[in-house]
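Throughout, a chain's letter reflects where its sequence line sits, starting with A, and its residues are numbered from 1.
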There are 2 protein chains.
Amino acid sequence: MAKETIAGLAKRLGISKASVSYALNGQPGVSELTRRRVLDLAEELEWYPSSSARALSRSRAGAVGMVLSADPLLIGTEPYHMAMLAGIETALAEGDMALMLRMVGKDPAQERATYERWAGERKVDGVLVFDHLHHDPRPALLDRLGLPFVLHGAPESAAPPAFSGTTTDHAVDAATIVRHLHDRGHRRIAHVSGPRTFLHEEERIRGVAECAGGHGIEVVPYEADYALEAGHHAVVSLLHAPGDRPTAMVFGNDLMSMGGLLALRELGLRCPEDVAIVSWDDSLHCQLASPAVTALSRNPGMQGRVAAELLLALLDGGGPQTRSMPVSELVVRSSTAAA
Amino acid sequence: MAKETIAGLAKRLGISKASVSYALNGQPGVSELTRRRVLDLAEELEWYPSSSARALSRSRAGAVGMVLSADPLLIGTEPYHMAMLAGIETALAEGDMALMLRMVGKDPAQERATYERWAGERKVDGVLVFDHLHHDPRPALLDRLGLPFVLHGAPESAAPPAFSGTTTDHAVDAATIVRHLHDRGHRRIAHVSGPRTFLHEEERIRGVAECAGGHGIEVVPYEADYALEAGHHAVVSLLHAPGDRPTAMVFGNDLMSMGGLLALRELGLRCPEDVAIVSWDDSLHCQLASPAVTALSRNPGMQGRVAAELLLALLDGGGPQTRSMPVSELVVRSSTAAA
DNA sequence: TGTAGTACCTGAACCGGTTCAGTGATCCCA
DNA sequence: TGGGATCACTGAACCGGTTCAGGTACTACA
């Protein structure tokens with residue numbers, strides 16, 4: 001079947017291209033009768049307007065982009081991203097926007113190059129950005145490129161109203177975790193965080209330290225990189241360090257928690273009797289582990305959905321908005337069972 | 001900065017739009033000197049040609065689409081898809097193609113509607129399709145829509161040369177698993193497969209049955225749906241059924257294996273002593289479980305990459321091709337340790 | 001010296017939509 | 001009865017690239 005065009009429809013109906021266009025887009029300037037005829041014909045022919053022609057004349061791509069920049073290995077194993085993606089895509093589809101996905105390694109230059117290209121080619125109307133960094137160069141870059149964006153997962157403190165973003169109150173989450181451990185009798189805990197280059201990790205570290213201080217709990221900080229091995233290595237180092245050993249450990253994500261659990265097992269230590277464990281991300285891993293791991297459930301799907309909605313609003317001409325995420329819930333499992 | 005156009009570049013250089021276009025696209029018709037001047041200016045201005053204008057005049061979208069149609073919950077928890085996605089995206093990026101991702105529920109009508117729209121709007125140049133079904137309506141649909149596609153993961157038997165696709169020899173994989181269990185002394189095994197609507201499950205079932213027959217092994221088939229709970233339920237049913245209980249179980253994916261393991265634990269049965277377990281998909285879940293689960297490692301990243309390359313070749317005007325995947329390797333872990 | 005061939009370059013048409021300015025026809029109300 | 005407002009519709013310009021059919025000027029060769 002030869003591809004129909006708007007001119008073809010117009011000729012069949014004996015009206016002008018303009019009328020067809022107005023009718024299709026729900027714009028005034030056509031009678032109800034004409035509109036119906038156009039719509040009916042389009043449906044009968046299973047015809048849709050060419051997206052590139054439309055994009056060209058409207059100067060709107062009809063798509064938003066997302067760069068997943070992380071270790072490919074990590075991306076594959078962390079369920080977090082996929083769940084978030086599902087939420088994002090659902091919201092975008094409802095707003096009739098396509099999702100363009102790009103995966104690059106950890107190299108920030110590649111992420112940057114992708115944005116430059118997308119902006120230059122006008123391939124996307126906006127982008128979703130993750131993991132706010134210290135001195136994050138991306139907001140300035142995107143501003144310069146004129147590419148609207150939403151920063152997903154910025155810490156509460158660092159959310160200037162200059163751009164759209166979703167924020168999480170990590171201090172509250174930290175308090176939830178620390179109080180739980182305090183209740184269970186722990187007075188010396190280790191905090192195995194992700195890299196401090198992420199602003200949210202910085203805030204979590206501060207949150208844990210502050211709340212712990214208030215409860216007379218000692219905190220041993222440890223910086224790692226979210227990988228399974230990092231969690232393993234953290235536990236080994238922490239337990240071999242001089243001084244009292246912590247009786248509980250908080251890990252920055254589910255993978256590190258698993259690594260930590262593995263290490264405990266290898267060292268012949270029991271969880272939760274010898275060392276309790278809390279994960280800052282919930283996932284199937286935490287549920288399936290033995291013991292099942294107490295975890296902060298953050299609902300990545302819902303969060304992704306909200307971020308996408310913010311971007312849609314921004315593209316619809318709304319000003320920058322900030323939306324704070326609901327407080328996460330701690331799902332208590334065996335890894336912090338009462339002593 | 002006002003958006004530059006090809007006409008702007010031409011004016012700056014005192015040449016015609018056509019020359020600029022030829023220069024940019026590496027086409028003959030311009031001197032080396034002119035070409036350099038154009039390229040240099042484009043770089044200096046950080047200018048890229050508008051993708052929609054290009055798409056319109058070339059009648060090529062510069063993107064390929066992929067519909068992930070599955071339980072959102074399953075998508076999030078199965079690492080398989082994400083790894084595959086990473087492989088696909090990498091290959092596409094190398095071929096200068098964008099990836100458009102759409103996630104829909106299990107409803108086939110939505111997947112179909114997405115293809116129809118993409119084809120009508122000329123939003124993508126081709127699509128990647130997964131999980132060949134019995135009487136799969138998609139090849140015919142896509143043919144009718146004139147949308148090139150690659151069917152990823154078709155069983156060997158069902159790969160007509162009429163369309164491009166990657167195939168896996170499930171019979172060989174089945175034999176690998178069955179032989180391993182035979183070596184370990186199992187003579188009665190259960191095969192908890194995914195839905196038989198998937199052609200590859202059908203082939204796995206046949207493969208297991210045949211190889212088992214050759215080795216004097218009895219097979220108890222059980223059809224499930226890839227969910228964690230399904231694996232759990234399968235184990236309960238199988239063990240409560242009259243007759244000898246199987247001494248080993250093969251699960252169609254990692255989630256069901258985990259569910260199965262959970263069920264065994266609840267029933268007070270030990271793995272591998274009472275029941276051994278093999279998973280048809282490897283993943284972190286299998287590694288972390290206790291006992292760690294013996295699994296068939298299928299390298300979804302590489303497979304995705306190959307599928308994407310096939311699609312790129314198809315879009316470059318090549319005829320339909322079929323590429324068979326390398327045989328999977330069985331990673332032996334504790335869940336099938338020698339009795 | 002004439003002519004065919006080639007390399008380089010250009011104007012204009014085209015891709016398929018959107019949108020603006022303008023034209024009749026109809027309607028309302030003084 | 002007439003004048004302005006409203007409605008339905010249209011032709012043409014436009015978005016920003018690609019591509020085709022020439023047009024020079026210069027070289028090669030008889």
What is the nucleic acid contact for [X], judged by heavy atoms within less than 4.0 Å: base, sugar-phosphate only, or nothing?
{"X": "A:Ser19", "result": "base"}
{"X": "B:Ser52", "result": "nothing"}
{"X": "B:Ser59", "result": "nothing"}
{"X": "A:Ser21", "result": "base"}

Atom pair distance, as rounded to whole Å: [atom1] in [X] and [atom2] in [N]:
{"X": "B:Glu4", "N": "D:dC15", "atom1": "CD", "atom2": "C1'", "value": "15 Å"}
{"X": "B:Glu32", "N": "C:dA7", "atom1": "CD", "atom2": "P", "value": "13 Å"}
{"X": "A:Asn25", "N": "C:dC20", "atom1": "CG", "atom2": "P", "value": "13 Å"}
{"X": "B:Arg54", "N": "C:dC14", "atom1": "CZ", "atom2": "C1'", "value": "17 Å"}
{"X": "B:Arg58", "N": "D:dT19", "atom1": "CZ", "atom2": "P", "value": "7 Å"}
{"X": "B:Leu9", "N": "D:dG16", "atom1": "CG", "atom2": "P", "value": "12 Å"}
{"X": "A:Arg35", "N": "D:dC7", "atom1": "CZ", "atom2": "P", "value": "13 Å"}
{"X": "B:Ile6", "N": "D:dC14", "atom1": "CD1", "atom2": "P", "value": "18 Å"}

Quick check: do A:Leu101 and A:Leu85 have side-chain heavy atoms less than 4.5 Å from each other?
yes
To the nearest 0.5 Å, what is the distance between CZ (B:Arg305) and OG1 (B:Thr166)?
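So the gap between those two atoms works out to 14.5 Å.
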Just verifying a value: how many Å separate A:Met100 CE and A:Thr114 OG1, rounded to the nearest 0.5 Å?
12.0 Å
Could you tell me whether the side chain of B:Lys17 has a donor or acceptor atom within less than 3.5 Å of a complementary atom in the base of D:dG17?
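Between D:dG17 and B:Lys17, which were checked side chain against base, a qualifying N/O pair under 3.5 Å is present.
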Hey, is the side chain of A:Tyr22 pairing donor to acceptor with the base of C:dC20 inside 3.5 Å?
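Answer yes: a donor N or O sits under 3.5 Å from an acceptor.
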Within the structure, does a side-chain N or O atom of [X] lie under 4.0 Å from either OP1 or OP2 of [N]?
{"X": "B:Ser16", "N": "C:dT10", "answer": "yes"}
{"X": "B:Thr5", "N": "D:dC15", "answer": "no"}
{"X": "A:Ser51", "N": "C:dG17", "answer": "no"}
{"X": "B:Thr34", "N": "C:dC9", "answer": "yes"}

Nearest-nucleotide 5' precedence on DNA chain C, B:Ala18 against A:Trp47:
B:Ala18
Picking from D:dG11, D:dT18, C:dT18, which would you name as closest to the side chain of B:Ser57?
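That would be D:dT18.
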A:Leu56 side chain, from C-beta outward: closest of D:dC15, D:dG17, C:dT10
D:dC15
With side chain to side chain contact (heavy atoms under 4.5 Å, CB included) as the test, pick out the partner of A:Arg138 among A:Leu133, A:Asp143, A:Val67.
A:Leu133
Note: A:Lys106-A:Glu111 ion pair, threshold 4.0 Å (strictly below):
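A:Glu111 and A:Lys106: not salt-bridged.
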Shortest non-hydrogen separation from B:Val30 to B:Ser19 and the atoms involved:
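Reported closest heavy-atom pair: CG1-O, 3.6 Å.
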